[in-house]
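Reviewing the structure listed below.
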Amino acid sequence: MATTLTPPKPAAPPIDARFHGHGNGSGRNGFGGSDGGPHRQYSEGAVPERVYLTGIWLTIAGIAMLFAAFTSAMVVRRGISFDWVDTQLPHVLYFNTLVLFASSLTVERARQSLAAARGVQFARWLYGTLVLAFGFLAGQLLAWQQLVARGVYVSTNPSSSFFYLLTAAHGLHLLGGIAALCYLAFHSKKIARQLSKRVAVDATVVYWHFMDGLWIYILVLLAVRF
Amino acid sequence: MAEAYAEEVHQHEEPTGFIRKYIFSLDHKVIGKQYYFLALFSVFVGMILSWLIRIHLVWPNAHIWGLDKLSSVGAPGGAMTPEYYLSLLTLHGTLMVFFVLTTAPQSGFGNYFLPIQIGAEDMAFPRLNMLSFWVTFLGLAVLVSTFFVTDGPPIAGWTSYPPLSAVGSSSGPGEGLGQDLWVISIALFCIGSLLAALNFIATTLELRARGMSLMRMPLTCWSWFITAILGLLSFAVLFAACVLLFLDRVGGTSFFIPGGLIVSGKVMNHSGGSPLLWQHLFWFFGHPEVYIAILPGMGVTSHILSCFSRKPIFGYKVMAYSIMAIGFLSFTVWGHHMFVSGMSPYTAFTFSIFTMAIGVPSAIKTFNWLGTLWGGRIRYTTPMLFAMGFVSLFVTGGLSGLFLAQPPLDVYLHATYFVIGHFHLVMGVAAIFGIFAGTYFWFPKMFGRMMSETLGKIHFWATFIGVYCIFMPMHFLGIAGNPRRYSMFTDNFLVPLMPVHKFMTIAALLTGAAQFIFLFNLFWSVFKGEKAPANPWQATSLEWSIPSPPPFDNFGGKHPVVYHDPYEYGVPGASKDFIMQDSPEIVAASGD
């Protein structure tokens, strides 16, 4: 006779008793499949937020691995050979850092404005963030231009290779954030009206802060002399 | 709000036009089939390449019909040059590892069945899902295009070690545009895989139905989930490596190219790079990749063994924890691919210990599979045969891994046929058996018809015996010192081994021919197979609770609630010998 090695659990109690009336019984509702006992309770709005936010955190994990690989390559490349000559960083990078840091503050103010139901201010802070974001990118291009003027190109030295590589990779990922900011800015009125759209703001803000932190990490990596 | 979410994220209307329904579809089931057929195309191209490789090895002067049409330079008059042999070897490996073993079990079956098995209507991000497939398709198109560029596909192998892969066309045919395209293709594949991994993880974490706790998920879902985590963490690193390699090739940088390198009598204008840096980055991806290929096969095997033994899987929780342990350990062992690179013996010892540690969760899984079979009322269906074949191949191929995990032995066996025999059995053929098992098992659900069991069994026995005939002798060849990557065996010590090679080539041709039985069965059954009921195997997981094939939104507007563990077979006191996960049937817990 066949045995059951995982004894079957009693059938679940009625849905209403188990889930406290939240959701609509949908498989989509993100209950996370608890199997009895006290269940996590989510506000209705938490469901979409969680999916998008999970998505953005996973994106961040992937990007972090990409830059971890670049970092590892840089540390190894610097350590194994005798041709490494540190590239003197253009001073404009420090100004750019302040600009990007300011953009993190403005995007945070945008989120706060939305939470306080101040739609007009929400849009203004978003546009302010966009101006700062484009300012940062322009500053990065200026840094490149200054290096080129000094005769420092991608292939000049391994340190300059990593400089261009890391700043370009960060800039490209920042463009993704800028695209999201543009979407939010163009749809700011709709977002201010529709609660379900607010998760897009939260996800963008998390990503933008990560871009800010990532840049500071890159700057330290490039600036520190081992 | 939940409705708003459903409207925005999932409930894309069922499309009616051909393009949106079958080409640029957002439906995870269509995308799953797209991945499956992409892998099917790749596996047959890869298999034909392996035929050409094997024929060249034993009959190096053979004029192969039509080969000169593919490349008049690489195969003048149909006789392959040694360089073209390496080109075909490179494409065989790249197609099989990336576009078959990584694609079919995870992106193919996973896309189709993960949402259904956890009770969801679709993946978390359907548009991202479509994008991942088309980026992967583009990657394949770029790779296949290397056949048609002037100097042919690259010759640097699927691992593309620099400096050969980095210094450009002066290092050999295919190392110009062909190698550029290879790097672009793999970079595209990485992007597609990263997007897919993100989607799989978010779907598993967030879209499970009521009652579907993590520990109630079928082991298939566990394997897709952990595989996706491995993919997210490892493909990002391979992408970084591809960017660096591409810059070395076209940007004049020196990440991987050492100084003073002379290629074809010319001093390279590079300095100070390290080819070993590529090896570290590549294998940091490459070893998890082995498990990306095999973990879904383990999940499918567990699922099928339980179903056709009519017993619960032996030690469900331990099986799930073993998948996690294998996933974690896979990131700690990449150095065992580099024992001959001159690494410190202490480092090699560390990698060796971690490598052998993987044997622990692997053995747990194997014994649990045997425990599942023990005392079961086994139904020898085609999917069951392939699942049992998977266990056999995984054990056979895995045991030789213990040899290679020891640095002193690896120094001798490295770059011999022993390694080829090992990884083809444990990573290649075992994973392919997982794909076959999944195909025969899920075909009724995917296409609404049954495959021919007779043809399936002929296919199984021909393939099972065939692969052992091909790959077991490779171990003996390796012990005899037969190097890999040689295009001809003309050295004195290799000539006596030629009869073994001829045997393997004939076995490869026959085993390959048997795959056309499968191909016929597949396409014939799509149109002419017997109509499949909703649950032809009397299985328990959610995909069998819905019609075959499933409706557009999977559950026909209903929302499943899960009451049971995934492998409730042979439950004493139950009305049938199985209880479906969404069945509200109450059964008192009892033992034997």
Side-chain angles (χ1 to χ4, degrees), chain A residues 1-12 15 18-19 23-36 43-45 47-48 50-52 54-55 58-59 61-70 72-73 76-77 80-84 153-155 158 161 165 169 194-196, chain B residues 1-6 9-10 119-121 124-125 194 198 201-202 205-213 216 232-233 236-237 239-240 244 251-255 271-272 274 277 281 310-312 314 316 377 555 559-565 568 570-572 579 584-587 589 591-592:
Chain A
M1 174 183 174
T3 59
T4 172
L5 300 169
T6 51
K9 294 178 177 65
I15 290 169
R18 300 179 70 208
F19 292 96
N24 61 351
S26 162
R28 320 270 56 68
N29 57 19
F31 276 99
S34 301
D35 56 352
S43 68
E44 288 177 317
V47 175
R50 229 176 42 184
V51 172
Y52 281 110
T54 303
L58 292 170
T59 306
I63 296 171
M65 283 306 291
L66 176 74
F67 280 89
F70 285 145
S72 152
V76 170
R77 183 66 180 81
I80 56 161
S81 58
F82 302 100
D83 62 339
W84 186 281
Y153 299 95
V154 176
S155 59
S161 304
L165 172 72
Q194 260 183 282
L195 280 174
S196 63
Chain B
M1 196 62 61
E3 285 84 349
Y5 163 70
V9 181
H10 293 282
E121 286 167 20
F125 306 108
L194 285 166
L198 187 159
I201 300 170
L205 290 177
E206 305 297 357
L207 298 190
R208 280 173 286 125
R210 287 181 179 180
M212 181 63 83
S213 64
R216 272 185 176 171
L232 185 72
L233 301 180
V237 174
F239 182 79
L244 298 179
T253 56
S254 301
F255 297 115
S271 67
S274 167
L277 178 56
L281 291 171
R310 311 313 291 170
K311 278 180 65 188
F314 191 97
Y316 170 90
R377 287 170 290 127
F555 294 94
H559 304 292
V561 178
V562 172
Y563 298 94
H564 294 278
D565 290 344
E568 299 292 352
V571 181
I579 302 176
E585 180 179 3
I586 299 173
V587 182
D592 204 352

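Worth knowing before you read on, the calculation uses all heavy atoms, side chains too, and leaves out hydrogens, waters and symmetry mates. Here is how names work: the chains are called A, B, and so on, in the same order as the sequence lines, proteins then strands, and each is numbered from 1.
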Do B:Met212 and B:Leu207 touch side chain to side chain, with heavy atoms closer than 4.5 Å?
no

Using side-chain heavy atoms (C-beta onward) and a distance below 4.5 Å, is A:Thr54 in contact with B:Ile201?
no

Contact class of B:Leu281 relative to chain A, heavy atoms under 4.5 angstrom:
side chain

Can you tell me how far the CD1 atom of A:Ile63 sits from the CG atom of A:Leu58, to the nearest 0.5 Å?
11.0 Å

Between B:Leu194, B:Leu244, B:Thr253, who has the most heavy-atom pairs with chain A when the cutoff is under 4.5 Å?
B:Thr253

For A:Val76, is it the side chain, the backbone, both or neither that has a heavy atom under 4.5 Å from a heavy atom of chain B?
side chain

Short question: side chain of B:Arg216, backbone of B:Val562 - any donor-acceptor pair under 3.5 Å?
yes

Tell me, out of A:Pro158, A:Ala69, A:Ala169, who's got the most heavy-atom pairs with chain B below 4.5 Å.
A:Ala69

